[in-house]
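Below is one structure, written out as structure tokens; the observations come after it.
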Amino acid sequence: MAGVWRWRHNPLRRATDRYEAWLALAAFLMLMLAAPAVGWLCGARTDAALQASVRAQRADRHLTTAVVVRRVAGARHVADPEISGGAMTRTEVVARWHTPAGAARTATVTTASRNAAPGARVRIWTDRAGDPALRPMDIPTAHTHAALAGFGAAMMSALLIECVRRLVLRRMTWRRYERLDRAWAAVGPDWGRTGTGS
């Protein structure tokens with residue numbers, strides 16, 4: 001910036017150079033101020049929406065005790081996407097439980113219990129009707145998703161600012177070349193013939 005400040009009095013400075021300097025300064029300020037602000041706003045809005053979703057899921061879903069009937073053939077341990085980092089694994093089993101209305105239900109569910117042998121009691125997530133439901137998202141996972149959304153929005157804003165700067169700079173360069181071509185067309189045919197009497 002100090003170099004640009006001294007350069008403004010350079011006698012070789014063109015008018016387009018001044019415009020390019022202002023363009024670079026505006027892009028720099030937007031990268032330093034606007035892009036982080038957009039990222040913070042997007043992250044905050046996303047976090048608020050995800051926290052509301054977490055509260056709604058926790059109000060609608062609850063843990064129920066079920067009895068394992070059998071393990072699912074070819075059952076595998078699956079990482080839970082609703083847990084931050086997916087550190088908790090869940091096993092697929094066929095289990096039986098009772099709904100809040102007292103009806104018996106049997107279905108394939110996933111459980112985090114290490115003991116998934118037939119007859120074992122496991123805890124599963126169900127909705128208000130007693131149907132199997134996914135585990136509610138936890139708060140750290142919601143924060144992580146919001147932070148990633150904010151970071152992505154900031155990066156996209158910075159990329160957009162840089163693309164606009166480059167497009168405007170390219171347009172300014174084309175206009176400069178057009179003016180140079182017109183000036184050359186006006187004086188070029190007489191180049192080198194000054195004083196020859198022709």
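Note that these values count all heavy atoms, side chains included, but never hydrogens, waters or copies made by symmetry. All of these numbers come straight from a predicted model, not from anything done at the bench.
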Subject >> Flag, side chain of Trp97 to backbone of Pro132, donor-acceptor distance under 3.5 Å >> reply: no
Subject >> Exam field: side chain Ser53 to backbone Ala49, donor-acceptor pair closer than 3.5 Å >> reply: no
Closest heavy-atom contact between [X] and [Y]?
X	Y	answer
Leu50	Ala142	CD1-O, 3.3 Å
Pro36	Leu31	CD-O, 3.3 Å
Ala153	Gly39	CB-CA, 4.2 Å
Ala35	Ala158	CB-N, 4.1 Å
Ile161	Ala27	CG2-O, 3.9 Å
Arg105	Gly130	NH1-O, 4.1 Å

Hey, what do you get for [atom1] ([X]) to [atom2] ([Y]), rounding to the nearest 0.5 Å?
X	Y	atom1	atom2	value
Arg123	Leu63	CZ	CG	4.5 Å
His98	Thr64	NE2	OG1	11.5 Å
Gln57	Asp127	CD	CG	12.0 Å
Thr173	Glu178	OG1	CD	11.0 Å
Leu33	Phe28	CG	CZ	8.5 Å
Arg61	Met137	CZ	CE	9.0 Å

Taking [Y] as the starting point, is it possible to reach [X] by hopping between hydrophobic residues whose side chains are less than 4.5 Å apart?
X	Y	value
Met156	Leu41	no
Leu169	Val164	yes
Val168	Tyr19	yes
Met32	Leu29	yes
Met155	Met30	no

Subject >> Audit row: Met172, Leu23, side chain to side chain contact (heavy atoms under 4.5 Å, CB included) steps and yes/no >> reply: CA-CA 11 Å; Met172 292 171 64; Leu23 175 64; 4.2 Å; yes
Original post:
Any side-chain heavy atom of Leu167 within less than 4.5 Å of one from Arg171?
Top reply: no
Original post:
Is any side-chain heavy atom of Val94 less than 4.5 Å from a side-chain heavy atom of Val68?
Top reply: no
Subject >> Pair Glu162 + Arg165: basic N to acidic O under 4.0 Å >> reply: yes
Subject >> Enclosure of Arg166 CZ (heavy-atom neighbours >12, cutoff 6.0 Å) >> reply: no
**OP:** Could you walk me through whether Ile139 and Arg58 pass the side chain to side chain contact (heavy atoms under 4.5 Å, CB included) test, one step at a time?
**Re:** CA-CA 11 Å; Ile139 294 177; Arg58 289 187 173 183; 4.2 Å; yes
